[in-house]
Amino acid sequence: MKIYKTADYKEMSRKAANILAAQVILKPDCVLGLATGSTPIGTYDELVAGYEKGDLDFSEVKTVNLDEYRGLPRDNDQSYYYFMHEHLFDRVNIVAENTHVPDGTQEDAQQECDRYEALIDSMGGVDIQLLGLGHNGHIGFNEPDASFAQRTHCVDLTESTIEANKRFFASADDVPRQAYTMGIGTIMKAKKILLIVSGEDKADIVAKAFFGPVTPEVPASILQLHNDVVIVADSAALSKSPIQE
Ligand code: F6R
């Protein structure tokens, strides 16, 4: 596990975008695993800037997103489908058919999750998976005590995740109660993992996840066992971790 410490969110975003850009340059038809949430917004802005400068070409890139709320139509502005189009897909020359997000409108959860897992495998797996980190250590929507072996599945969101995500909805009651998410087993199959994290409010969970024991109580701790993980964290997020200056 490599940890890069950056001065702030801006530098974290630039470094993460450079790592993703290197992947796109080295393998133009790569499969990028993508995340939503507030952390990757700056990274996507940097990728768009790279595209606008003519440094990056997404025409052959394929993407698979980590997760999606169950039951939200794709044109709802809180769906992760909508988020990805707004922050990245509609701003670069990626081919819409090459972008994939679990379909939250599919009522048959098992069928949709099996389809999505098979899709990832049929694409040859994920070359690099971008991850954010939840305050409770979740990755994707894999909440504490999720099995490390799980593939794409339907989850019930915990109260703490509903609480954290309600800022994007009119009220906590409007936050969907379930989501489809890649499982930890799916995430661990990615060839490379890039986790980004920013802010003092994540300092405790960063210390637990990457400097504490590997335990299902802290889902992200499993990443310690992946053989190619890069963490890009700003100094506030690393402020409680035993890391050299
Ligand atoms: C998003 C996702 C979540 C977020 C996490 C952190 O696709 O799967 O695990 O990465 O909740 O969210 P932010 O970045 O908003 O703090």
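What you see is a predicted model; the values in this text were computed from it and never measured. We count residues from 1, following the sequence as given. Ligands are counted one by one from 1 in listed order, and the atoms in each one are counted from 1 as well. When reading the values below, keep in mind they use all heavy atoms of this one structure, side chains included, and skip hydrogens, waters and symmetry mates.
With respect to Lys27 and Asp127, a salt bridge is recorded, a charged nitrogen being found less than 4.0 Å from a carboxylate O. Between Glu112 and Arg115 there is a salt bridge, since a side-chain N of the basic residue sits under 4.0 Å from a carboxylate O of the acidic one.
Scanning both residues, Arg151 and Thr186, for their nearest heavy atoms gives CA-OG1, 3.2 Å.
Heavy atoms of Leu66 found under 4.0 angstrom from ligand 1 belong exclusively to the side chain. Here Arg167 has side-chain heavy atoms under 4.0 Å from ligand 1, and that is the only part of it that gets that close.
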Side-chain donor-acceptor pairs under 3.5 Å in residues 131-150, sequence neighbours left out?
residue, atom, partner, partner atom, Å
His135, NE2, Asp201, OD2, 2.7
Asn136, OD1, His138, N, 3.0
Asn136, OD1, His138, ND1, 3.2
Asn136, ND2, Glu143, OE1, 2.9
Asn136, ND2, Ser160, OG, 3.3
His138, ND1, Glu143, OE1, 3.2
His138, ND1, Thr161, OG1, 3.4
Asn142, ND2, Ile139, O, 2.9
Asn142, ND2, Met182, O, 2.9
Glu143, OE1, Thr161, OG1, 3.2
Glu143, OE2, Thr161, OG1, 2.6
Ser147, OG, Ala149, N, 3.0
Gln150, OE1, His153, NE2, 3.3

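Considering only heavy atoms from C-beta on, Glu68 comes within 4.5 Å of Tyr81 through its side chain.
Taking atom 16 (O) of ligand 1 as the reference point, the nearest protein heavy-atom neighbour is Lys202 NZ, 2.8 Å. The nearest heavy-atom contact from the protein to atom 8 (O) of ligand 1 is Asp67 OD2, 2.6 Å. When only non-hydrogen protein atoms are considered, atom 14 (O) of ligand 1 lies nearest to Thr39 OG1, 2.4 Å. For atom 5 (C) of ligand 1, the closest non-hydrogen atom on the protein side is His138 NE2, 3.4 Å. The nearest heavy-atom contact from the protein to atom 10 (O) of ligand 1 is Gly132 CA, 3.3 Å. Scanning all protein heavy atoms for the shortest distance to atom 1 (C) of ligand 1 gives Thr36 OG1, 3.2 Å. Among protein heavy atoms, atom 6 (C) of ligand 1 sits closest to Leu133 O, 3.5 Å.
The aromatic rings of Phe83 and Tyr80 stand perpendicular to each other, their planes meeting at an angle above 60°, with 30° marking the opposite boundary.
For the residues Ala35, Gly140, Gly137, the heavy atom positioned nearest atom 3 (C) of ligand 1 is part of Gly140.
Near Ser38, with a cut-off below 4.0 Å to any heavy atom, the atoms of ligand 1 are 13 (P), 14 (O), 15 (O), 16 (O).
Aromatic ring centroids of Phe169 and Tyr69 lie under 6.0 Å apart.
Linking ILVMFWY residues whenever their side-chain heavy atoms come closer than 4.5 Å, directly or via other members, places Leu130 and Met12 in the same cluster.
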